[in-house]
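Here is the structure we will look at, set down as structure tokens.
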Number of protein chains: 2
Amino acid sequence: MSHREESVATIQRELTSFARRARATAAQLHPELSLVSFTLLAHLEDEGGCRATDLAAHYLLDKSTVSRQIAGLERLGFVERRVDPADQRVQVLHLTELGARTLAQVTASRRVALQERLADWDEADLDRFAGYLRRYNAGR
Amino acid sequence: MSHREESVATIQRELTSFARRARATAAQLHPELSLVSFTLLAHLEDEGGCRATDLAAHYLLDKSTVSRQIAGLERLGFVERRVDPADQRVQVLHLTELGARTLAQVTASRRVALQERLADWDEADLDRFAGYLRRYNAGR
DNA sequence: CACTTCAAGTTGTAACATACAACCATCGGG
DNA sequence: CCCGATGGTTGTATGTTACAACTTGAAGTG
């Protein structure tokens with residue numbers, strides 16, 4: 001196995017291991033907002049509102065799954081729907097004020113945990129790690 | 001926000017985004033072996049056999065969940081149990097020949113996908129990225 | 001305009017995954 | 001020999017997800 005292949009194998013192993021734990025970690029940190037709900041809210045924040053179909057495409061979920069997730073988030077008062085005047089079928093989803101506040105809280109508590117974990121990394125390493133992750137995720 | 005905080009924020013965002021997609025990606029790539037089953041088999045391979053309790057601790061799962069997962073994998077003929085002669089309560093889990101072969105296939109197909117995605121990375125970057133991921137996961 | 005086709009969302013259904021609690025069996029130490 | 005701790009299974013409830021069938025509205029075509 002070449003050096004290159006070994007690196008790829010390591011990346012594979014570590015990413016898998018991370019993915020596997022992510023759900024449980026998220027659930028422990030804030031039981032009120034699952035990993036999926038959290039990412040949906042975050043996406044709404046980033047995009048400043050989007051359609052359910054967009055969420056489904058972006059997160060590789062079935063539209064029925066998104067429909068139910070959104071219904072739950074609406075029940076919690078975190079998102080609201082605004083019918084697109086140009087197309088009555090479309091519901092543009094937006095964060096409510098409460099949704100934005102909750103998202104901010106959860107993001108902050110996650111960040112604290114992450115900061116602790118990365119406490120002994122120096123700034124240059126953090127910067128490069130962040131860059132690699134961004135590059136990896138962009139590559140699709 | 002300091003440079004350091006910005007890097008941490010990026011890492012948080014990218015890791016979350018990755019985690020969110022991982023399950024669906026895995027499911028598409030090989031419907032026969034979910035992400036969880038895959039990681040359990042991989043762990044057995046790495047460790048050369050271990051207890052259900054170890055799996056639960058490592059993957060932050062309830063022991064009942066692991067118990068059912070293992071039951072499923074046993075039904076599929078991928079793992080076998082050997083009672084520890086030193087402690088009758090303990091079942092040491094091992095990959096069967098079929099389990100090892102299936103795991104190897106899935107690992108290989110995942111690796112191909114990953115290699116494609118990392119095709120335009122140079123070797124030094126791959127090496128550093130792998131190192132950062134290992135360091136990140138080790139930090140707990 | 002009527003007809004067809006397509007896109008956005010919802011709902012019915014079934015399969016899993018998961019946690020928690022209760023439980024059983026076994027081990028090890030007083 | 002009992003008793004607490006450990007490994008594991010089973011009962012139960014909840015949540016996530018996909019697939020399929022359906023509803024509604026949009027858009028194009030004759």
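Basis for what follows: all heavy atoms, side chains included, without hydrogens, waters or symmetry-related copies. By convention in this document, chain letters (A, B, ...) are assigned in the order of the sequence lines, proteins followed by strands, and residues within each chain are numbered from 1.
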Atom-to-atom span, [atom1] of [X] to [atom2] of [N] - whole angstrom:
X	N	atom1	atom2	answer
A/Leu40	D/dT16	CG	P	10 Å
A/Leu35	D/dG15	CG	P	17 Å
A/Leu33	D/dT16	CG	P	10 Å
A/Gln28	C/dA19	CD	C1'	12 Å
A/Arg51	D/dT24	CZ	P	21 Å
A/Arg20	C/dA17	CZ	P	11 Å
A/Leu61	D/dC19	CG	P	11 Å
A/Tyr59	D/dA18	OH	P	15 Å

### Task
At under 4.0 Å between heavy atoms, which parts of nucleotides 10-15 of chain C does protein reach? Answer with one letter per nucleotide, 5' to 3': B base, S sugar-phosphate only, - none.
BBBB--
### Query
Taking protein heavy atoms under 4.0 Å as touching, what does nucleotides 24-30 of chain C look like 5' to 3' if B marks base contact, S marks sugar-phosphate-only contact and - marks none?
-BBS---
### Query
When the ring centroid of A/Trp121 is compared with that of B/Tyr132, is the distance short of 6.0 Å?
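That pair passes the under 6.0 Å test.
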### Task
In plain terms, say whether A/Asp125 and B/Arg135 are close enough for a salt bridge, that is, a side-chain N and a carboxylate O under 4.0 Å apart.
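Salt bridge between A/Asp125 and B/Arg135, a charged N being under 4.0 Å from a carboxylate O: yes.
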### Query
Atom CG of A/Leu40 and atom CG of A/Leu35: how far apart are they, to the nearest 0.5 Å?
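Output value for this atom pair is 9.5 Å.
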Are the side chains of [X] and [Y] in touch, meaning some heavy atoms are under 4.5 Å apart?
X	Y	result
B/Leu44	B/Cys50	yes
B/Leu55	B/Leu93	yes
A/Leu41	A/Leu73	yes
B/Asp46	A/Arg13	yes

### Query
Cation over ring, B/Arg110 on B/Phe38, under 6.0 Å and within 45°?
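Yes, a cation-pi geometry holds between B/Arg110 and B/Phe38.
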### Task
Answer yes if A/Val36 and A/Leu29 sit in the same cluster of Ile, Leu, Val, Met, Phe, Trp and Tyr residues linked by side chain heavy atoms under 4.5 Å apart, and no otherwise.
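They do not share one cluster, since no chain of ILVMFWY contacts under 4.5 Å joins A/Val36 to A/Leu29.
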### Task
Tell me which of B/Ala24 and B/Val90 sits closer to the 5' end of DNA chain D, going by the nucleotide each one is nearest to.
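The residue whose closest nucleotide sits nearer the 5' end is B/Val90.
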